[in-house]
Amino acid sequence: MKVSGTIRVPGDKSISHRSLILASLADGDSRIRGILDSRDIQSTASVLRALGVNVPELSADFTLRGNGLRGYSQPREDLDCGNSGTTARLIMGAIAGNEIFARIVGDESLSRRPMRRVTEPLAEMGAVIEYPGKADSLPVTITGGKLHALDWDNVTSSAQVKSAILLAGLTGKARVAVNETIASRDHTERMLRAMGAKVETVKKRVELKPVKTLNPLDIQVPGDPSSAAYFIAAAVLSESGELRLSNVCLNTTRTGFIMILIAAGASIEYENERLSGGELVGDILVRPAQLGAMEVDVDDIVSMIDEIPLLACVAAAAGVEVRVTGAAELRAKESDRIAVTAANLRAIGVQVEELPDGFHIKEGKQKLRGTVKTHEDHRIAMSFGVLEKVTGGDVTVDERDSVAVSYPAFWNDLDRVIQ
Ligand code: S3P
């Protein structure tokens with residue numbers, strides 16, 4: 001297996017969601033370049049349209065006229081967030097300060113995911129929230145309006161929770177503070193600062209002071225490090241060649257996977273590092289390497305939360321030991337990613353022990369062969385898709401369509417750089 005060429009992965013999913021939502025709250029025209037065009041981002045775009053925001057067709061370079069901080073109109077339909085947890089959770093925060101009533105729904109997977117972590121702080125601020133079905137699950141109804149200040153401990157270290165609270169503070173014109181034990185991705189804070197908001201981070205406490213208006217955004221969305229991770233993994237596991245990934249977001253709250261691989265002996269270098277729109281961006285050069293054992297604990301998890309299934313696949317292909325703990329949050333993602341990863345690894349001949357908050361894969365190079373179930377979870381499909389590629393098809397995934405949630409061209413790009 002040889003890796004070669006240069007790849008420009010699509011725009012960062014987290015930054016793309018936030019660019020649409022924050023631009024919708026600005027006064028004036030925001031310019032957004034390089035947005036990710038995928039199912040999840042289309043969910044955010046269509047939810048904003050239902051709230052009366054004039055979001056144009058997504059393209060490589062477009063402008064979006066904001067409605068101002070409290071400019072959403074009463075939606076006439078349910079706000080369908082599809083598969084996207086970020087859409088559901090962030091939009092609740094943005095709605096909270098608007099005097100409207102909205103019903104938020106999602107697909108089957110999203111309807112199984114916990115929402116109380118967001119609705120609890122928003123209700124504490126004064127939003128009226130109800131669960132017409134099962135408590136903690138979509139559908140959720142929310143009536144926004146006048147909000148009070150909040151000081152909240154973000155116990156799950158979820159960036160979605162932190163962002164929802166910041167958005168509620170912004171639209172509700174209330175002072176909010178969020179305390180974290182492990183710093184989660186900070187794209188919302190960076191973008192807000194670029195738009196003139198007063199957001200201060202001291203140690204792991206983020207504070208937002210009310211502002212009257214938000215300036216428009218001018219952003220070039222950098223490449224998604226979570227999408228880049230699949231190619232980094234495939235290149236590390238290849239036999240020869242080198243791969244360059246250009247224009248990737250290198251924010252340290254997102255690069256835990258790269259750091260763990262480097263610690264295990266991978267050859268990964270950053271080049272052309274620069275600041276763009278308040279984010280560190282650069283190119284990544286990867287060469288094949290022999291890996292050693294890996295240990296991932298609670299302090300590492302947040303900065304590689306979406307890459308844990310991929311790390312398991314890398315360990316399985318390299319035949320190295322990996323122990324992951326402190327990752328119970330993975331059970332609340334698009335699928336139960338601990339159970340699904342462990343079951344799939346077993347199905348292809350890997351010895352794995354499932355733990356309540358992670359897994360343990362033992363050292364030993366086995367022949368990997370068999371079919372895995374993605375459960376329509378895009379990250380499971382792409383993680384095991386890398387194994388499909390590096391085993392020359394001995395491992396196969398049972399569906400390929402779910403990658404459209406975050407990376408529609410994934411399979412083509414993988415075929416292009418790995419032969
Ligand atoms: C995201 C945060 C993470 C991540 C998700 C995107 C975001 O979720 O898993 O894919 O854009 O804020 P949590 O914040 O719930 O950990």
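Side chains included, hydrogens not; waters and symmetry mates left out as well; all remaining heavy atoms used. When a ligand or atom number is given, it counts from 1 through the structure's own listing order.
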Any idea which atoms of ligand 1 are less than 4.0 Å away from a heavy-atom of [X]?
X	answer
Thr86	6 (C), 7 (C), 11 (O)
Ile305	9 (O)
Asp306	4 (C), 5 (C), 9 (O), 10 (O)
Ser14	1 (C), 6 (C), 7 (C), 11 (O)

Note to self: Just to be sure I'm reading this right: ignoring hydrogens, which of Ser184, Ser84, Ala164, Ser158 gets closest to atom 13 (P) of ligand 1? Compare them by their nearest heavy atoms.
What the structure shows: Ser158
Check: Among Glu307, Arg185, His187, Arg117, whose heavy atom sits nearest atom 2 (C) of ligand 1?
Finding: Arg185
Taking [Y]'s backbone N and O only, do any of them form a donor-acceptor pair with [X]'s side chain (distance below 3.5 Å, no angle check)?
X	Y	answer
Arg49	Val55	yes
Thr171	Leu69	no
Asp224	Lys13	yes
Asp153	Val155	no

Reported [atom1]-to-[atom2] distance for the pair [X] and [Y], which is rounded to 0.5 angstrom:
X	Y	atom1	atom2	value
Phe359	Glu354	CZ	CD	10.0 Å
Arg274	Asn247	CZ	CG	5.0 Å
Asp283	Ser246	CG	OG	5.5 Å
Leu90	Lys162	CG	NZ	11.0 Å

Margin query: Under 4.0 Å, counting heavy atoms only: does Arg18 come that close to any atom of ligand 1?
Written below: yes
Check: Does an N or O anywhere in Arg379 fall below 3.5 Å from an N or O of ligand 1?
Finding: no
Notebook entry, point to check: Are any of the N/O atoms in Ala159 less than 3.5 Å from those in ligand 1?
Noted result: yes
Item checked: Residue and atom name of the nearest protein heavy atom (relative to atom 1 (C) of ligand 1), distance in Å to one decimal -> Gln160 NE2, 3.5 Å
Notebook entry, point to check: Closest non-hydrogen protein atom to atom 16 (O) of ligand 1, residue and atom name please, with distance?
Noted result: Lys333 NZ, 3.2 Å
